[in-house]
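Just below is one structure, and these are the notes that go with it.
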Amino acid sequence: MEKGLTMSCVLVVVAFLAMVHVSVSVPFVVFPEIGTQCSDAPNANFTQLLSNLSSSPGFCIEIGEGNPIGASWLIPLTQQAEVACDKVTQMEELSQGYNIVGRAQGSLVARGLIEFCEGGPPVHNYISLAGPHAGTADLLRCNTSGLICDIANGIGKENPYSDFVQDNLAPSGYFKNPKNVTGYLKDCQYLPKLNNERPYERNTTYKDRFASLQNLVFVLFENDTVIVPKESSWFGFYPDGDLTHVLPVQETKLYIEDWIGLKALVVAGKVQFVNVTGDHLIMADEDLVKYVVPLLQDQQSAPPRLNRKTKEPLHP
């Protein structure tokens, strides 16, 4: 009698769960822009604001220990992506999957994490704010006083595709000179690999990992003068040899030949190309609520399917 009553209770609970959606809180991580750290008020407030608006736990991830600002300038992006991979893999909070918000250079670190990280937790949604995804034709300059800026700007005066600069100045990893595409493809260490641009070493694993994302948002800031051209935030860029006209993403070879799976994602309806008014990374709260927060909010899992006779859950 007692055994039968227990089984009946179990069946009632299972049946109840079958009628409701189970809410699962998916955490998110923020990768800050170059020259900043997670403890800075803009990054700390931004992460907390997104957490408050989405009701999801948020974490800011920086690369350098002790001097993240200097590390963001001086550690090559390949190494930054490796550090990011190690950090998210060790975070128990992310073990069941997470979402990413990348800010400018942080968007490229995040993409490196998505494409290159072996064995890390799954990434569901990816949001890029002013990410230079097709590169920048103007090597970023450090505009504040101090030793780090002096070193960064001094390095930048060298050949941007030399081993020394590529190993010691992070923005050189996504500096793309339209008038020296040969040098860029041959010697730039990060972006050609990230975008699968080299025809002799395209990696289908990178493409598959990027194409596995559920939803993506790429935000372009209309008054952005830091990313050159600003359309790089949407994978648009100058044609080879031309610094005047900008090809929209749909006319680039990266998209047409689908080197990283972006076209497949667009066709599947998983990508939003968003433009907002404002300068570099200056985004109004209402735009955050409209375009960013929905991808960070709790995801609902489908109710379990039940066997019609036993009312027990069906397993795949």
Side-chain angles (χ1 to χ4, degrees), residues 31-37 61-87 102-118 130-203 206 225-229 232 237-238 240-241 243 254 259 280:
F31 286 94
E33 64 175 317
I34 190 172
T36 68
Q37 56 190 349
I61 295 181
E62 58 196 13
I63 302 305
E65 300 295 339
N67 185 13
I69 293 177
S72 70
W73 276 101
L74 303 177
I75 294 180
L77 289 189
T78 300
Q79 186 176 339
Q80 291 196 36
E82 292 172 355
V83 173
C85 175
D86 290 340
K87 288 195 171 188
R103 293 166 59 85
Q105 179 175 288
S107 295
L108 293 187
V109 175
R111 274 188 57 210
L113 166 63
I114 293 167
E115 294 184 31
F116 305 152
C117 187
E118 186 74 37
H133 294 288
T136 181
D138 185 14
L139 191 60
L140 299 184
R141 297 293 174 180
C142 195
N143 295 319
T144 60
S145 60
L147 180 60
I148 294 298
C149 274
D150 291 342
I151 294 174
N153 290 335
I155 292 174
K157 293 178 182 178
E158 304 291 334
N159 172 10
Y161 299 132
S162 69
D163 289 343
F164 178 77
V165 175
Q166 289 289 309
D167 289 340
N168 293 280
L169 183 61
S172 69
Y174 52 96
F175 172 66
K176 186 173 183 178
N177 184 350
K179 296 191 175 182
N180 185 16
V181 177
T182 299
Y184 162 77
L185 290 175
K186 179 176 180 291
D187 296 318
C188 187
Q189 295 179 5
Y190 191 71
L191 194 63
K193 176 182 177 182
L194 188 70
N195 283 345
N196 260 338
E197 292 182 84
R198 298 185 178 110
Y200 47 86
E201 57 177 42
R202 292 205 176 113
N203 191 307
Y206 302 160
T225 58
V226 175
I227 307 301
V228 181
S232 182
F237 204 71
Y238 301 112
D240 294 355
L243 279 166
L254 178 143
W259 296 342
H280 184 68

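All values below come from the heavy atoms of this structure, side chains included, with hydrogens, waters and symmetry mates left out.
- S232 places no side-chain N or O within 3.5 Å of a backbone atom of F237 that could act as its donor or acceptor partner.
- Not counting sequence neighbours, the partners of S107 by the side chain to side chain donor-acceptor pair (under 3.5 Å) test are S128.
- Applying the side-chain contact (heavy atoms from CB on, under 4.5 Å) criterion to I69, with sequence neighbours excluded, gives Q37, N67.
- D240 is linked by a side-chain contact (heavy atoms from CB on, under 4.5 Å) to V181, counting only residues two or more places apart in sequence or in another chain.
- Identified under the salt bridge (charged side-chain N to carboxylate O under 4.0 Å, His left out) test for residues 66-79, with sequence neighbours left out: none.
- Residues in residues 167-178 take part in these side chain to side chain donor-acceptor pair (under 3.5 Å) pairs, two or more places apart or across chains: Q105-Y174, Q166-S172, D167-Q189, K176-E197.
- Between P192 and Y184, the closest side-chain pair of non-hydrogen atoms falls below 4.5 Å.
- Every residue two or more places apart in sequence or in another chain that forms a salt bridge (charged side-chain N to carboxylate O under 4.0 Å, His left out) with R111 is listed here: E115.
- Remark: Y238 engages no residue in a ring-ring contact (aromatic ring centres under 6.0 Å, His included) (not counting sequence neighbours).
- Counting only residues at least two apart or on different chains, no side chain to side chain donor-acceptor pair (under 3.5 Å) pair has a member in residues 72-81.
- Annotation: salt bridge (charged side-chain N to carboxylate O under 4.0 Å, His left out) contacts involving residues 67-86, sequence neighbours excluded, are absent.
- With sequence neighbours excluded, the residues forming a side chain to side chain donor-acceptor pair (under 3.5 Å) with R198 are E201, listed by chain and number.
- In terms of the salt bridge (charged side-chain N to carboxylate O under 4.0 Å, His left out) criterion, residue partners of K87 (sequence neighbours excluded) are, by chain and number, E65.
- Every residue meeting the side-chain contact (heavy atoms from CB on, under 4.5 Å) condition with D138, not counting sequence neighbours, appears here in chain and number order: T136, V228.
- Across all their heavy atoms, N159 and V165 have their closest contact at O-CG2, 3.2 Å.
- In this structure, Y161 contributes its side chain and L185 its backbone to no donor-acceptor pair below 3.5 Å.
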